[in-house]
**Student:** 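One structure coming up, written as structure tokens, with questions to follow.
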There are 2 protein chains.
Amino acid sequence: MSHLGYACLMAVDPDHVLRTAAALLTRKSTATMDEVAKAAGISRATLHRHFAGRDVLVRALESLGIAECEAALDAARLEEGTASEAVRRLVGAIEPVAGLLAFLYSENQLFEGEELNAGWTLIDDRISALFRRGQLGGEFRIDLTPAWLTEALYGLMASGAWMVHSGKGAPKDFQHMIVELLLGGALRREES
Amino acid sequence: MSHLGYACLMAVDPDHVLRTAAALLTRKSTATMDEVAKAAGISRATLHRHFAGRDVLVRALESLGIAECEAALDAARLEEGTASEAVRRLVGAIEPVAGLLAFLYSENQLFEGEELNAGWTLIDDRISALFRRGQLGGEFRIDLTPAWLTEALYGLMASGAWMVHSGKGAPKDFQHMIVELLLGGALRREES
DNA sequence: CCAGCATGAGACATCATTGTCTCATCTGGG
DNA sequence: CCCAGATGAGACAATGATGTCTCATGCTGG
């Protein structure tokens, strides 16, 4: 037997499979394991060897989504500059993951009884903290709770991802549309 | 044979079944036909006699959702008063349907190839027209398209429904949270 | 060259949901 | 009272997705 745990030869790259699955399920959330395998260019048997069951695959996608979200949060440097600038960076950084997030969001309701991955709470807390920072600094209004602002951001990102996905909006407008509406609202600013 | 088309005796009320199904599927979008029947207090056979198949049931729910949406649009009198007031009335009127809308929204992706019910376009147009009216009247900013404002409203309503459903928010705050964020945004208003 | 290992293809049983059917029962109107 | 119609309960097959298995193939490392 080889002294290496696994690395030998034409082994499938699990990360590539995962990302292909994410791209497919983002478009068609009911895709079959067979379709996922075909999209990844592997057989259903091999897919099953790496992810033993659809739930395992979804859990792995959840971990991927959480990891990418946290990477986006890190890249956005939420502690630096004004809260508004941080929100803008956050939306821009999270845009590539928005589709996957929307998929996971719709799948989460299937994990009703089971425990919710603690990673989501971590992310919620970091975003809530950003809004709280904006409130304490006098930048954001205080009559909307950080929790609601966080949920609203999620909803707006889902709408933005939908606009882009359906072709009604350009990806380049994603960040601007969301940030402008979330921060500025629909009303005209007399003071501007 | 009776001279009346159908009305005879202990006939099931299809509307009651529909509303029960809506309430159930709002909470558990993957509910079985059996669960739907049980929730409505009828047998699966009878459910099947009224709605021949799950797709027929979902289509009926779609029609119900469209009808209730249009009723809400009518009740909100979108042409009266300022656009802001109309938006506030709209959100308040549509709140009871928000859960059903979220369910239908998630199901619509399953009707990929098939034709989309024209009713949705009608509703989109009416809401878009409201935002356009606000823009033309100088009330709303013009750098966000009415189409985006409409989609954003949907997203915020989904987030609001989620907050209420998950117990993180009170139903009485639904209207206020959404309208304040959609119109005013998160930034503080110096002019207020 | 050869052995080992990952893969592809496919067969197979299982499971859940669904659509369809039959039959017994109950109710209310004529 | 009696019958038509609607319902409830359950059996049944069909379908689709899934999990598991075997076998042949092809490649790599030694």
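Here is how names work: the chains are called A, B, and so on, in the same order as the sequence lines, proteins then strands, and each is numbered from 1. Model, not experiment: these values are computed from the prediction.
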**Student:** Hey, what do you get for NZ (B:K168) to OG1 (A:T145), rounding to the nearest 0.5 Å?
**Tutor:**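 Answer rounded to 0.5 Å: 10.5 Å.
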**Student:** Any idea which heavy atoms bring A:A98 and A:M157 closest together, and the distance?
**Tutor:**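 Heavy atoms only, the tightest pair is CB-O, 4.5 Å.
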**Student:** Closest to the A:M33 side chain: D:dT18, C:dT18, D:dT20?
**Tutor:**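 In terms of side-chain proximity for A:M33, the closest of D:dT18, C:dT18, D:dT20 is D:dT18.
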**Student:** With A:H48, which residues qualify under side-chain contact (heavy atoms from CB on, under 4.5 Å), at least two apart?
**Tutor:**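 So A:H48 forms a side-chain contact (heavy atoms from CB on, under 4.5 Å) with A:A52.
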**Student:** Return the value, rounded to whole Å, for the distance between atom NZ of B:K38 and atom P of C:dT17.
**Tutor:**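 One finds 12 Å between P of C:dT17 and NZ of B:K38, rounded.
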**Student:** Would the distance check show the side chain of A:E62 and the main-chain N or O of A:L104 forming a donor-acceptor pair, the cut-off being under 3.5 Å?
**Tutor:**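 No; judged by distance alone, with no hydrogens or angles, the pair does not exist.
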**Student:** Within the sub-3.5 Å range, which N or O atoms of nucleotides 8-11 of chain C have a protein N or O partner, and how far apart are they?
**Tutor:**
{"residue": "C:dG8", "atom": "OP2", "partner": "A:S43", "partner atom": "N", "Å": "3.0"}
{"residue": "C:dG8", "atom": "OP2", "partner": "A:S43", "partner atom": "OG", "Å": "3.2"}
{"residue": "C:dG8", "atom": "OP2", "partner": "A:T46", "partner atom": "OG1", "Å": "2.6"}
{"residue": "C:dG8", "atom": "O6", "partner": "A:R49", "partner atom": "NH2", "Å": "3.1"}

**Student:** Between the side chain of A:S159 and the main-chain N/O of B:E151, is any donor-acceptor distance below 3.5 Å?
**Tutor:**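 Yes; judged by distance alone, with no hydrogens or angles, the pair exists.
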**Student:** When the side chains of residues 71-82 of chain B are checked against the rest of the protein, which donor-acceptor pairs come out under 3.5 Å, sequence neighbours left out?
**Tutor:**
{"residue": "B:D74", "atom": "OD1", "partner": "B:R126", "partner atom": "NH1", "Å": "3.3"}
{"residue": "B:D74", "atom": "OD1", "partner": "B:R126", "partner atom": "NH2", "Å": "2.8"}
{"residue": "B:R77", "atom": "NE", "partner": "B:E80", "partner atom": "OE1", "Å": "2.9"}
{"residue": "B:R77", "atom": "NH1", "partner": "B:A75", "partner atom": "O", "Å": "3.4"}
{"residue": "B:T82", "atom": "OG1", "partner": "B:E85", "partner atom": "N", "Å": "3.1"}

**Student:** Could you identify which residues cluster with B:L122, counting Ile, Leu, Val, Met, Phe, Trp and Tyr as linked when any side-chain heavy atoms lie under 4.5 Å apart, either directly or through a chain of such contacts?
**Tutor:**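 Its cluster partners, ordered by chain and number, are none at all.
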**Student:** Measure CD/B:E35 against P/C:dA16 and give the value in whole Å, please.
**Tutor:**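 Result: 13 Å.
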**Student:** Measure from the side-chain N and O atoms of A:E107 to the backbone N and O of A:R59, and report whether any donor-acceptor pair falls under 3.5 Å.
**Tutor:**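 No; zero donor-acceptor contacts below 3.5 Å.
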**Student:** Could you work out how much the helix from C:dC1-D:dG30 to C:dG30-D:dC1 bends, comparing the axis of its first five pairs with that of its last five, to 10°?
**Tutor:**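 Terminal axis comparison yields 10°.
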**Student:** Please answer whether the main-chain N or O of B:L187 pairs with a side-chain N or O of A:E139 as donor and acceptor at a distance below 3.5 Å.
**Tutor:**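 The answer is no, because no donor-acceptor pair under 3.5 Å joins these two groups.
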**Student:** Start with the C-alpha distance between A:Y154 and B:W162, add both sets of side-chain angles, then the distance that settles ring-ring contact (aromatic ring centres under 6.0 Å, His included), and finish with yes or no.
**Tutor:** CA-CA 11 Å; A:Y154 292 157; B:W162 167 259; 10.0 Å; no
**Student:** Over how many whole Å does the gap from A:D34 atom CG to D:dG16 atom C1' extend?
**Tutor:**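 Rounded to the whole Å, the gap is 11 Å.
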**Student:** Between residues 50-58 of chain A and DNA chain D, which residues have a heavy-atom gap below 4.0 Å?
**Tutor:**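 When residues 50-58 of chain A is checked for heavy atoms under 4.0 Å from DNA chain D, the hits, listed by number, are A:G53, A:R54.
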